[in-house]
Protein chains: 2
Amino acid sequence: MLTIGKLAAETGVKVPTVRYYEQIGLLPPPERSRGNQRLYGPLARQRLAFIRHARALGFPLEAIRDLLSLSDRPELPCSAADAIAKAQLAAVQARITQLKALEQELQRMVVQCAHGTIADCRVIEVLGDHGQCAQDHHTAPID
Amino acid sequence: MLTIGKLAAETGVKVPTVRYYEQIGLLPPPERSRGNQRLYGPLARQRLAFIRHARALGFPLEAIRDLLSLSDRPELPCSAADAIAKAQLAAVQARITQLKALEQELQRMVVQCAHGTIADCRVIEVLGDHGQCAQDHHTAPID
DNA sequence: CTTGAAGCTATAGTTACTAGAGACATTAGC
DNA sequence: GCTAATGTCTCTAGTAACTATAGCTTCAAG
């Protein structure tokens, strides 16, 4: 049996985060020692590793909750899990596209910087004037 | 003079967000009408457009706060603004690199999906077993 | 002059944690 | 066996950057 600290170290999740996952119902409440400390078995370790891994891939906790409830029913068809993964893939790809556009814009700003005074600094000028900008931020979502 | 709704519409920022920016000190408290409604001049419009534009480029509000205080002192050298923009550019590039790795991983998961039952679903299997994974998530930061 | 949209304040909720306070449990060294 | 250090407990509050709700007042149009 693992204490919460060992579990955290083994899975790469921080201790308060483990308790948080329990609080929001992603992890079941574990056994307790006589002194009321949490004790985890290998199943909990596996489940937490799953969560950690999915988080590292950018899945939101709600998607992970769905995946976990799916994995508890191995007889169901795989399509639901597939759909969640595909949605996540699409989200990641959209984010990459958007960030590349931002990268272009920032690069333009930085390259153009005159290294003079603020008064003729392109960085601030570009940010202040939408006309200087290659992108259409008025329709783009923020962040 | 613009009401908050007009200002919001013109800059593409939502009304509660404008009030929020005032609350956290990014926008100065504007004049008020006799009926206590906010009234904005062209300077406020410009400042809000600057904020909106910088946000669209992914600058955190704290960086924007710094840029705004810089732009109030046009005699200063440009290097501080340049540094902020460069830091933002580096952050965006790092994020792109990371997201591309995640994209690979997700694509592998989705492609391998057997379309059978959950029991042999690669999506869930890969998430549950770090060994299946090309990436080293144990050292990678989450999100 | 009345009605409906827009504005006001204040509070709470969102996501996914993180940090702190103050008390109890466990372990290592002596 | 004792003590000190570390680990764990609960609970609350804080983070970023808003968004939403409630209950009220003001404004502009017909």
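Sequence lines set the chain letters: A, B, ... in the order given, protein chains first and strands last, and positions in each chain run from 1.
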**Q** Might you point out which heavy atoms bring A/P60 and A/Q88 nearest each other, and give the distance in Å?
**A**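 Closest approach of A/P60 to A/Q88, heavy atoms only: CD-OE1, 3.8 Å.
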
**Q** Output the rest of the hydrophobic cluster of B/M1: all Ile, Leu, Val, Met, Phe, Trp and Tyr residues reachable through side-chain heavy-atom contacts under 4.5 Å, sorted by chain and number.
**A**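 B/L39, listed by chain and number.
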
**Q** For residues B/I84 and B/A63, report the shortest heavy-atom separation together with the two atoms involved.
**A**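 Heavy atoms of B/I84 and B/A63 come nearest at CG2-CB, 4.0 Å.
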
**Q** Reckon A/Y21 has a side-chain N or O less than 4.0 Å from the OP1 or OP2 of C/dC17?
**A**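 Indeed, a polar side-chain atom of A/Y21 lies that close.
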
**Q** If I take atom CD1 in residue B/I24 and atom P in nucleotide D/dT19, what distance separates them, rounded to the nearest angstrom?
**A**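 From B/I24 CD1 to D/dT19 P: 12 Å.
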
**Q** Just so I know, are the side chains of B/L106 and A/F59 near enough to count as touching, which here means a heavy-atom distance under 4.5 Å?
**A**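 Yes, their side chains come closer than 4.5 Å.
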
**Q** Measure from CD on B/E31 to P on C/dG7 and round the result to the nearest Å.
**A**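 These atoms are roughly 16 Å apart.
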
**Q** OP1 or OP2 of C/dC17 less than 4.0 angstrom from a side-chain nitrogen or oxygen of A/K14, does that happen here?
**A**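 No, because none of the side-chain N or O atoms of A/K14 sits under 4.0 Å from OP1 or OP2 of C/dC17.
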
**Q** Salt bridge (charged side-chain N to carboxylate O under 4.0 Å, His left out) for B/E62 and B/R65? Distances and angles first, verdict last.
**A** CA-CA 5 Å; B/E62 271 321 292; B/R65 198 188 293 276; 3.0 Å; yes

**Q** List the protein contact pattern of nucleotides 5-10 of chain D with one symbol per nucleotide (5' to 3'): B for base contact, S for sugar-phosphate-only contact, - for none; contact means a heavy-atom distance under 4.0 Å.
**A** --BSSB

**Q** Taking all non-hydrogen atoms of both residues, which atom of A/Y21 and which atom of A/L48 are closest, and how far apart?
**A**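 Minimum heavy-atom contact is CD1-CD1, 3.7 Å.
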
**Q** From C-beta outward on B/T17, which listed nucleotide comes closest to its side chain: D/dT19, C/dC17, C/dT18?
**A**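 Side chain of B/T17 sits closest to D/dT19.
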
**Q** How close or far is atom P of D/dC27 from atom CG of B/L2, stated in whole angstroms?
**A**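 One finds 16 Å between P of D/dC27 and CG of B/L2, rounded.
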
**Q** With respect to the phosphate group of C/dT26, does any side-chain polar atom (N or O) of A/S33 fall under 4.0 Å of OP1 or OP2?
**A**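 Yes, such a contact exists.
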
**Q** Whole Å only: how far is the CE atom of A/M1 from the C1' atom of C/dT26?
**A**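 After rounding, the gap between these two atoms is 17 Å.
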
**Q** Which sits closer to the 5' end of DNA chain D, B/R34 or A/Q23, going by the nucleotide each is nearest to?
**A**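 Result: A/Q23.
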
**Q** Between C1' on D/dA16 and CD1 on B/I64, what's the gap in Å once rounded to a whole number?
**A**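 Atom-to-atom, B/I64 to D/dA16, this comes out as 12 Å.
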
**Q** What is the distance, rounded to the nearest whole Å, between atom CG of A/L48 and atom C1' of C/dC17?
**A**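 Atom CG in A/L48 sits about 14 Å away from atom C1' in C/dC17.
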
**Q** Nearest whole Å is fine: how far is D/dG14 P from A/Y20 OH?
**A**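 My rounded result for the distance is 18 Å.
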
**Q** Please name all residues satisfying side chain to side chain donor-acceptor pair (under 3.5 Å) with A/E22, sequence neighbours left out, ordered by chain then number.
**A**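 Partners of A/E22 under the side chain to side chain donor-acceptor pair (under 3.5 Å) test: A/R38.
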
**Q** Report the distance from atom CD of A/E22 to atom P of C/dC17, rounded to the nearest whole Å.
**A**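 Taking atom P of C/dC17 as the reference, CD of A/E22 is at 16 Å.
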
